[in-house]
Amino acid sequence: MAREGLINKVMVANRGEIALRVMRACKELGISTVAVYSDADKNALFVRYADESYNIGPGPARMSYLDQDKLIDVALKANVEGIHPGYGFLAENTQFCRKCHKNGIEFIGPPPEAMELMGSKIDSKRSMIAAGVSVVPGVTEAIPDHERAKDIAHEIGYPIMLKASAGGGGIGIRMVPDEIEMEKALDSIKVLAKNSFGDDSVFIEKYISDPRHIEYQVLGDKNGHMIHLYERECSVQRRHQKLIEETPSMALTPELREEIGEQAVLAAKTAGYHNAGTCEFMFKDDQYFFLEMNTRLQVEHPITEQVTRTDLAREMLYVASGLDLSYAQEDIKQIGHCIEFRINAEDPLNQFAPCPGKITRYAEPSGIGVRVDSGVYQGFTIPPFYDSMVAKLIVWGEDRNYCIERSKRALFEMQVGGVRTNIPFHEVVLEHPAFVSGDYNTSFIPRYNIMEQVVEYYKLKKMGQGNAQKAAAMAAVEAVIVAAAQSNVSK
Ligand code: ADP
Ligand code: ADP
Ligand code: MG
């Protein structure tokens, strides 16, 4: 039941599956929804789903989804009370957040000051150190020149990690193995940071080899309540971008799980945070280090919802309305296991490059334990302008083994035709002994040559039709995996 005092009309300044996800939460609460869409998205599902929709310009994001003034104009015209930014686009843009407030519109997210602090990796690390949160060892200052960079790196010890302070989405991070590489790496990352984020501040921290990426969901209201909803393990990454996430993490003891949760709450409170956010940590040998806070609803939030039996999008709407959270810390329990698979339109036979185009066949898996958050349908044309993720497959099971078996079943049922996808990647990972054992870290993909195996598996699968061939293909890939595992053991 919706509660008294709720905002009554919301615009979603985003597209695809996340726009639909937020609108679904609105619908359940009786909140009217407004979609904004580019020319390329005029036939998209979220546009059809919304109560009202407005065209905001051509396909390229800077002419539509990133056009702040146009978005505010539509919001005022449609008379909405709040704007939900989704993730990506303007979700972590302080200027946009302030513009919303100036126009009397609630930004459904954190306060701008907290967003600003956390948007700078240097400033947020400083403030976390002051609060006593464990961070990656390093120096929290912007590197002025080559000399200082070499001094700091020498002090910390190679290899080191060079990071753009304003970076995100896996962009602006580079490992530097030794002093010889330092000058070139620093120059190139500064140019990249300037071009991508308009800010060329770069800093240095210790490179942690083979860490696990473990992040904590936090949720706070404007009335002083702050809770965490436990962890998500996001160590299956390619080029620092997440592909599979699971919860609970296999790496945490019950004691550590509680301890890091408390640190996440402390980090969020220190930043004066409210609404949904994520504190990311690196984890190795039972040590953990705060990395950064993402000040938005994250792509992988559904696995937390499934395991803690909560609705994060709904809580965001409550918080934005000034209401209390529906849950206290002691209400949050982890039940069972959940894995999310990002289904991307990308071509295994072309270095996994994005491959937009028309989806000619599309069938989602269903049945017990299976949730699909998607923004596409059969006949929809995936535009070339945005990221390649078209759907998320979210699978819950009573325990991790059931969850893995159920995930294989769901991936087997999922049909996407007309464009190539990374479904074969997920199938290969689910057969891999390191993933199955739970003993893996962020080096999983390069260490076991996973992408090469996916290409082989994909070729075999394409040659075959039906289950017999699929079984043969899986047997072949298992042989490759066993061979790779043996060669790793002997290394
Ligand atoms: P998540 O942890 O939610 O997966 P990601 O880092 O993958 O977060 O980012 C989610 C989305 O936001 C992606 O589309 C990514 O490209 C985009 N994104 C993240 N940070 C930035 C940034 N600083 N600038 C532009 N886009 C970003
Ligand atoms: P982004 O803002 O792009 O998400 P993060 O700081 O969160 O950047 O780092 C993204 C990923 O890069 C991490 O999940 C981890 O795999 C890797 N990474 C970041 N910092 C380090 C480090 N100091 N040592 C080793 N790996 C790191
Ligand atoms: Mg990150």
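Atoms considered below: every heavy atom in the structure, side chains included; atoms not considered: hydrogens, waters and symmetry mates. Numbering of ligands and ligand atoms starts at 1, following listing order.
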>> Would Met175 count as a contact residue for ligand 2, given that I'm defining contact as a non-hydrogen atom of the residue lying under 4.0 Å from a ligand atom?
In response: no
> If you check every N/O/S atom of Glu280, which is the one nearest the Mg ion (ligand 3)?
Replying inline: OE1
> Atoms of ligand 2 less than 4.0 Å from Glu292 heavy atoms?
Replying inline: 1 (P), 2 (O), 4 (O), 5 (P), 7 (O), 8 (O)
For a quick test of your reading: what N or O donor-acceptor pairs under 3.5 Å do the side chains of residues 165-181 make, sequence neighbours left out?
residue, atom, partner, partner atom, Å
Ser165, OG, Ser120, OG, 3.3
Ser165, OG, Lys121, N, 3.3
Ser165, OG, Ile122, N, 3.2
Arg174, NH1, Ser188, OG, 2.6
Asp178, OD1, Ile180, N, 3.3
Asp178, OD1, Glu181, N, 3.3

>> So for ligand 2, is Leu291 a polar contact partner (N or O within less than 3.5 Å, distance only)?
In response: no
> Quick one: which ligand 2 atoms are inside 4.0 Å of a heavy atom on His213?
Replying inline: 13 (C), 14 (O)
> Does a salt bridge link Glu205 with Lys125, judged by any charged N lying under 4.0 Å from a carboxylate O?
Replying inline: yes
> Does Glu215 put an N, O or S atom under 2.8 Å from the Mg ion (ligand 3)?
Replying inline: no
> Using heavy atoms and a threshold below 4.0 Å, how should the contact between Ile173 and ligand 2 be classified: side chain, backbone, both, or neither?
Replying inline: side chain
>> Quick check on contacts: which atoms of ligand 2 are under 4.0 angstrom from a heavy atom of Thr442?
In response: 16 (O)
>> Atom OH of residue position Tyr158 - does it have more than 12 heavy atoms of other residues, nucleotides or ligands inside 6.0 Å?
In response: yes
> Does NZ in Lys150 sit with more than 12 non-hydrogen atoms of other residues, nucleotides or ligands closer than 6.0 Å?
Replying inline: yes
>> Can you tell me how the ring of Phe444 sits relative to the ring of Phe435, calling it parallel under 30°, perpendicular over 60° and tilted otherwise?
In response: tilted
> With backbone taken as N, CA, C and O and side chain as the heavy atoms from C-beta onward, which portion of Lys206 lies under 4.0 Å from ligand 2: side chain, backbone, both, or neither?
Replying inline: backbone
> Under the side-chain contact (heavy atoms from CB on, under 4.5 Å) test, which residues partner Met451, sequence neighbours left out?
Replying inline: Arg238, Phe352, Phe425, Ile445
> Looking at Arg371, Lys392, Arg232, which one forms a salt bridge (Lys or Arg N to Asp or Glu O under 4.0 Å) with Glu305?
Replying inline: Arg371
> Is Gly170 close to ligand 2, meaning an N/O of one under 3.5 Å from an N/O of the other?
Replying inline: yes
>> To make sure I understand the geometry: which N, O or S atom in Glu292 is closest to the Mg ion (ligand 3)?
In response: OE2
>> So for ligand 2, is Pro211 a polar contact partner (N or O within less than 3.5 Å, distance only)?
In response: no
> Should the ring pair Phe281 and Phe290 be called parallel, tilted or perpendicular, given that the plane angle runs from 0 to 90° and is split at 30 and 60?
Replying inline: perpendicular
> Going by the angle between their ring planes, with limits at 30° and 60°, are Tyr448 and His432 parallel, tilted or perpendicular?
Replying inline: tilted
>> List ligand 2 atoms under 4.0 Å from Lys163, heavy atoms only on the residue side.
In response: 6 (O), 19 (C), 20 (N)
> With a 4.0 Å cut-off on heavy atoms, is Lys121 touching ligand 2?
Replying inline: yes
> Numbering the atoms of ligand 2 from 1, which are under 4.0 Å from a heavy atom of Tyr207?
Replying inline: 24 (N), 25 (C)
>> For Asn422, run the side chain to side chain contact (heavy atoms under 4.5 Å, CB included) check against Val454, Val428, Asn344 and tell me which one passes.
In response: Asn344
